[in-house]
Structure formats: C-alpha cells, structure tokens
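Every chain is numbered from 1, with letters handed out A, B, ... down the list of sequences.
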Amino acid sequence: MPFDSQQFSEDVYALVRLVPRGRVCTYGAVAKALLEPSRSRLVGWALNRCPDDVPAHRIVNRNGVLTGRQFFGGDTMRVLLKEEGVAVKEHKVVDFKNVFWSPIEDMSCED
DNA sequence: TGAGTGACTGTAA
DNA sequence: CTTACAGCCACTC
C-alpha cells in the first residue's frame, strides 16, 4: 500500500500522546516506532499541524533542544516541560539522556 | 515543473 | 555532549 502522510500524522499524534509526564521523546524515536525511521522530518511536519490534545512540547530533537519552541510562541514549551518536572536550560533539556523516553520500550507487548 | 525550505537523523571525528 | 557531512521527503512558491 502507498505511503499515506495523513495516516502517518495520525499515528504520530497517537504515539506522542503516549509519552509519560515528565519525560520527553525525539522525532527519530517516534519515526522508528512507526516503522518509518527515514521519515523523521515528517514527524516534525506533522507536529506543526497537530491538534491541541497532543503534548508536542514533549518532543525535542536528538540533542535535547526544544527546536519547536518557536511554534508554541514565547517560552511556552519550556514552561510546560518545567511544569511536568523536566528541567530545561535556555532551550535544551537538562540531563536529556535521563528524561528521554523511548516509545518502542513501551511497545514490548504490543501486537 | 523545479528549486528552496524545514519542529530531523545516523555516522564519524 | 558537539561539529560536520550526507540522506531524507512533503510542502510552498
């Protein structure tokens, strides 16, 4: 079946909603969890148009940088993470490796 | 129709 | 962790 970017976006939203509070995830981890590791860019593209019920502020790039903060406006993204217990320095997650959450880990019993 | 753009990543050093 | 290079693909003009 052909690749459906619309469906891909829906899958991205569904998976991002699974990210636990106080944790963050990366575009690549999401893409990999959706079995599309090379389409990490589309994850960011999808989150740009995500509905309000998607915790997109929990998604950062591989360096732990809040690259999407400019789309939230002001320091909204940093504040949201802080409220969840994620320390952020300027525009980077503090001890990123420690707060990183892999969706694949949570899928161990899926399917 | 084609060049430019972007909330990116893996690998190597 | 950072920096540099190459690959990636939907969207815009």
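- Identified under the ring-ring contact (aromatic ring centres under 6.0 Å, His included) test for residues 42-97 of chain A, with sequence neighbours left out: A:F96-A:F100.
- Within the structure, ring-ring contact (aromatic ring centres under 6.0 Å, His included) pairs that include any residue of residues 10-39 of chain A do not occur (at least two apart or interchain).
- B:dA7 and C:dG7 have their P atoms separated by 22 Å, given to the nearest Å.
- Taken to the nearest 0.5 Å, the CG atom of A:L34 stands 10.0 Å off from the CD atom of A:Q7.
- Atoms CD and OG, on A:E36 and A:S5 in that order, are 11.5 Å from each other to the nearest 0.5 Å.
- Within the structure, the salt bridge (charged side-chain N to carboxylate O under 4.0 Å, His left out) test picks out the following pairs touching residues 66-89 of chain A (sequence neighbours left out): A:R58-A:E84, A:D75-A:R78.
- Residues satisfying the ring pair (Phe, Tyr, Trp, His ring centres under 6.0 Å) criterion with A:F8, sequence neighbours excluded, are A:F3.
- Think of the region where chain A sits on DNA chain C: with heavy atoms and a 4.0 Å cut, that region ends 5' and 3' at C:dC1 to C:dT12.
- Formation of a donor-acceptor pair under 3.5 Å by the A:N63 side chain with backbone atoms of A:V65 is not found in this model.
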Item checked: Heavy-atom protein contacts under 4.0 Å, nucleotides 2-13 of chain B, coded B base, S sugar-phosphate only, - none -> ----BBBBBB--
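- With rounding to the nearest 0.5 angstrom, the OG atom of A:S9 is 8.0 Å from the CG atom of A:L42.
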